[in-house]
Amino acid sequence: MVTRSGSAEWQGGLKDGKGTVSTQSGALKDLSYGFNTRFGDTPGTNPEELIGAAHAACFSMALSKMLGEAGIGDIDIKTTSKITLEQDGEGFTVTKAYLVTQISGDGDKARIEDLAQQAKAGCPISKLLNAEVTMDATVA
């Protein structure tokens, strides 16, 4: 079992407040976030882009494992996960995660595409999201 943590601090109200987010490893430390970084263009981060980064990383690692087990070498994977947040009544819901990935390896393209679909469905962050997870995969 692996347990990792992230933390957040928040001061003030929703629209005028501000916060910081950090990770256990220190890779993120006191990174600024707030209403305007989430719903506007103010520099800083937001929960959705952090989920997107985690999803892209998880998928890429899962696919790398699967490709290696299939005997495919010279692996290069570049992935983005676009997280959609939509208003749901009075609140908001993450409704979609859209993976865009470019994959190269020294194997059969159809096999690589099949393994990418399996990784999309099987990576732990895809399973965590209670949202529609879709993908466009380009195999070079």
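All values reported here derive from a predicted model rather than from experimental measurement.
Across all non-hydrogen atoms, the minimal contact from V100 to K82 is CG2-CE, 4.5 Å. Closest non-hydrogen pair, A121 versus S126, comes out as O-CB, 4.3 Å. Shortest non-hydrogen contact noted between G52 and S81 is O-CB, 3.3 Å. Residues L14 and F35 share a closest heavy-atom pair of O-CB, 3.4 Å. Pairing each heavy atom of I125 with each of A54, the nearest pair is CG1-O, 4.0 Å. Scanning all heavy atoms of the two residues, the minimum distance from F39 to L85 falls at CE2-CD2, 3.9 Å.
Between the OG atom of S104 and the CG atom of L67 there is a distance of 9.5 Å, given to the nearest 0.5 Å. Annotation: the span from L99 atom CG to I83 atom CD1 amounts to 8.0 Å, rounded to 0.5 Å. Atom-to-atom distance recorded for K120:NZ and C58:SG is 13.5 Å, nearest 0.5 angstrom. Note that the NZ atom of K78 and the CD1 atom of I103 stand 11.0 Å from one another [nearest 0.5 Å]. The distance from the CD atom of Q118 to the CG atom of L63 is 10.0 Å, given to the nearest 0.5 Å. The OG atom of S60 sits 9.5 Å away from atom CG of D76, with the distance rounded to the nearest 0.5 Å.
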For residues 41-48, please give each side-chain donor-acceptor pair under 3.5 Å, one per line with the distance, not counting sequence neighbours.
unit_1 : atom_1 : unit_2 : atom_2 : d
T45    : OG1    : E49    : OE2    : 2.4
N46    : OD1    : E48    : N      : 3.1
N46    : OD1    : E49    : N      : 2.9
N46    : ND2    : T37    : O      : 3.2
E48    : OE1    : R38    : NE     : 3.0
E48    : OE2    : R38    : NE     : 3.3
E48    : OE2    : R38    : NH2    : 2.5

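Note: the hydrophobic cluster containing L115 also contains M135 (ILVMFWY, side chain heavy atoms under 4.5 Å, direct or indirect links). V139 is connected to I72 through a chain of hydrophobic side-chain contacts under 4.5 Å among Ile, Leu, Val, Met, Phe, Trp and Tyr, so both are in one cluster.
Y33 shares a hydrophobic cluster with W10, V21, L28, L31, L50; the chain of contacts runs through ILVMFWY side chains whose heavy atoms sit under 4.5 Å apart.
Residues S22 and E9 fail the side-chain proximity criterion, which asks for heavy atoms closer than 4.5 Å. Between H55 and V133, the closest side-chain pair of non-hydrogen atoms falls below 4.5 Å.
For residues 127-140, the set of pairs meeting the side chain to side chain donor-acceptor pair (under 3.5 Å) definition, not counting sequence neighbours, comprises Y98-D136.
Comment: K109 does not engage E113 in a salt bridge, judged by the lack of any side-chain N to carboxylate O separation of less than 4.0 angstrom.
Surrounding CE of M61 are at most 12 heavy atoms belonging to other residues, nucleotides or ligands under 6.0 Å away. By the neighbour-count criterion of 12 heavy atoms within 6.0 Å, atom CD of Q24 is densely surrounded, having more than that number from other residues, nucleotides or ligands.
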